[in-house]
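The structure under discussion appears below in the form of C-alpha cells.
By convention in this document, chain letters (A, B, ...) are assigned in the order of the sequence lines, proteins followed by strands, and residues within each chain are numbered from 1. The figures that follow rest on heavy atoms only: side chains count, while hydrogens, waters and symmetry mates do not. Fair warning: this is a prediction, and the values are worked out from it, not measured in the lab.
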There are 2 protein chains.
Amino acid sequence: MLPPGEPKFRRRPADRPAEILSAALEVFAERGFQAARLEEVAKRAGVSKGALYLYFETKADLFRAVVTDAVSPNLENVKALASSPVPFEQAVRMGVGMLARKVVTDRRITGVVKLVIAESRNHPELATIWHETVVEPGITLLSGLIAAAQARGEIRPGDPRLYAFGLMGPMVLSMVWRETFEPIGAKPLDVPALAEQHLDTVLKGMRP
Amino acid sequence: MLPPGEPKFRRRPADRPAEILSAALEVFAERGFQAARLEEVAKRAGVSKGALYLYFETKADLFRAVVTDAVSPNLENVKALASSPVPFEQAVRMGVGMLARKVVTDRRITGVVKLVIAESRNHPELATIWHETVVEPGITLLSGLIAAAQARGEIRPGDPRLYAFGLMGPMVLSMVWRETFEPIGAKPLDVPALAEQHLDTVLKGMRP
DNA sequence: TCTTTCTAACTGACCAGTCAGTTATTACTC
DNA sequence: GAGTAATAACTGACTGGTCAGTTAGAAAGA
C-alpha cells in the first residue's frame, strides 16, 4: 500500500514554520482570513492540520505571523533608502522605482497589503503594525526630503506630506489594479512605465 | 409583559429591501463577507433573520445586491461628467474634485470599494461589475479627454491612460487611508486639499 | 529505551438556511 | 361601519453541515 522508499512524512522542525507561513500566505491572500481553511494551508505546506498547532497557537495567531513576517523586507527597503545620502530627485526616483519593480509586482507583498486593508476592522493590530513600521516612516522620510528641497528653493511651496501622497498614490492604485482587476481580465497595467511617466510629470510640476 | 402600545413588528414591505440593504452594507463593510452575521444584519434592519429570506435567497445573494446597488450612484456621476462639454482642465478638476468631496469621504462608498477589493477572489463577478460599469468607463473618459488635449497641443506627449492613473492614484490611496489607517488613529488626511494640490502639480507637469 | 514530531480521527461550537406558527393588513359581508 | 374571513408579512426555535481546535497513538530519531 505505502511505497516504502518515500517516507510518509519528513521530520524537519527547523523548516516547518517558514513552509507553513508561505502556504498560509497563499491561502489567506486568496480567500481572506475567515474563508481560508486550515486544512488547505496544511495540505499546501505538506503536513497535517494538527501539525500547524505545534507551531502556531490559533488561526488568528498564524494570520498575525503571516502579516507581521511580511513587514520586515519592506522595513529593510525603507531603512536602506533613508541611509543613502543622494540628492532629492534621485532619491525619489530610486524609491518609487523600487516600489514599482520590487513591491507592486510581488504577489506575496500585494497579497498581504490587500489582507491588511480587508481585515483592518477585524484585526486592527495588523494595520497598526504596518502603519507604524512601514507606512508612516516611509511618508515621513519622503516628506522630509521634500521639505528639505523646498528649503533649498528646488521645489514650489505646498504641503510636503500631500506631495508624498501624490507621488505614492499611483503605486497603491497599481497594487489594487493587479490584485482586483487584472485577475478578472482587465487590461494589464505597465507599472514601471506608470512610475516613470508619473515621476516625470510630478517632479516637473513640483519645480518652482 | 408586552407594552401594548408598541406593536411587536410593523409591516412595511415596500421599505424592507432598502432597509435590509442599508444594514447589510454596514455589517459587510465592518466584517467582510464571511465574518458578517446575518443575525446582526437582521438586528440592525429591525427584523428577524427569517425575514431576510423573504427578500434575498442566500447570504451571497444579499451581498451581491449590496455591492451592485452601490454601483449606480457612481455610474450616474461618470455619465453626468461625460455629457458636460467643458474644456479639459475644468473637466478634470470637476471630476477629481467630485471624487474628493463626494466619493472618498462617503463611508458607504469607500466601504463597498474595500469589499470589492477584499472579496475579488471569492466573488469575481462583483469586481467585474465595478470594472465594467464604473472603473473602465471612467478611465476611458478621462484618457479620452487627455488624448484630445494632446491633439490640440495643450498637453505633453505620454500615454493618456497612464496620465489618468497618475491623476486618480491619490484618490484611491485616500480611500485606503480612510478605511484602513484613520480608524487605528493615523493622522487624518485632508482629501480635498490633497486633490487640489495634486491637480495643480500634475496639470502643471502635463503642460508642454 | 525515551523523546520529539507528526498524523488522523474526533469533538463541539457556530451559523446559514428552514418552517410551523403568529400577527398585521386587506377584502369581503351584512 | 362592525365583524370576519383570507392573505401577506413576519418571527424564532430548530437543524444539518462545516471547521477550528484536541488528542491518542504511530513513526522517526537519539
- May I have all residue pairs that pass side chain to side chain donor-acceptor pair (under 3.5 Å) and include part of residues 36-48 of chain A, sequence neighbours excluded? A:Glu26-A:Arg44, A:Glu30-A:Arg44, A:Glu40-A:Arg44
Which residues satisfy the side-chain hydrogen bond (donor to acceptor under 3.5 Å, both in side chains) test with [X], sequence neighbours excluded?
| X | value |
| --- | --- |
| B:Thr68 | none |
| B:Asp61 | none |
| A:Ser143 | none |
| B:His131 | B:Glu136 |

Calculate the interatomic distance between [X] atom [atom1] and [N] atom [atom2]; express it in whole Å.
| X | N | atom1 | atom2 | result |
| --- | --- | --- | --- | --- |
| B:Leu54 | D:dT7 | CG | P | 18 Å |
| A:Phe56 | C:dT5 | CZ | C1' | 15 Å |
| B:Tyr55 | C:dG17 | OH | P | 18 Å |
| B:Arg31 | C:dC15 | CZ | P | 11 Å |
| B:Leu62 | C:dC15 | CG | P | 17 Å |

- Item | Lys/Arg-Asp/Glu bridge criterion (N-O < 4.0 Å) met for A:Arg93, A:Asp200 |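 Answer for the salt bridge query: yes.
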- Task: For the pair A:Lys79 and A:Glu76, find out whether any cationic side-chain nitrogen is under 4.0 Å from an anionic carboxylate oxygen.
- Result: no
- Message: Quick check on contacts: within residues 21-28 of chain A, what sits under 4.0 Å from DNA chain C by heavy-atom distance?
- Response: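 Under 4.0 Å from DNA chain C: no residue of residues 21-28 of chain A.
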- Item | ring pair (Phe, Tyr, Trp, His ring centres under 6.0 Å) against A:Phe88, all qualifying residues, sequence neighbours excluded |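 With sequence neighbours excluded, A:Phe88 shows a ring pair (Phe, Tyr, Trp, His ring centres under 6.0 Å) to no residue whatsoever.
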- Task: Apply side chain to side chain contact (heavy atoms under 4.5 Å, CB included) to A:Val176 and list each qualifying residue two or more places apart in sequence or on a separate chain.
- Result: A:Thr180, B:Ile117, B:Val172
- Item | With B:Gln197 via side chain to side chain contact (heavy atoms under 4.5 Å, CB included) - residues at least two apart |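 Here the qualifying residues are A:Asp159, A:Leu162, A:Tyr163, B:Thr201.
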- Message: Five pairs per end, C1' atoms only: what is the angle between the end axes of the helix from C:dT1-D:dA30 to C:dC30-D:dG1, to 10 degrees?
- Response: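 Here the local axes at opposite ends form an angle of 0°.
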- 5' to 3', nucleotides 14-21 of chain D under a 4.0 Å protein heavy-atom cut-off (B base, S sugar-phosphate only, - none) gives -----SBB
Output side-chain donor-acceptor pairs under 3.5 Å for residues 184-196 of chain A, partner residues at least two apart or in another chain, one line each.
residue	atom	partner	partner atom	Å
A:Asp190	OD1	A:Ala193	N	3.2

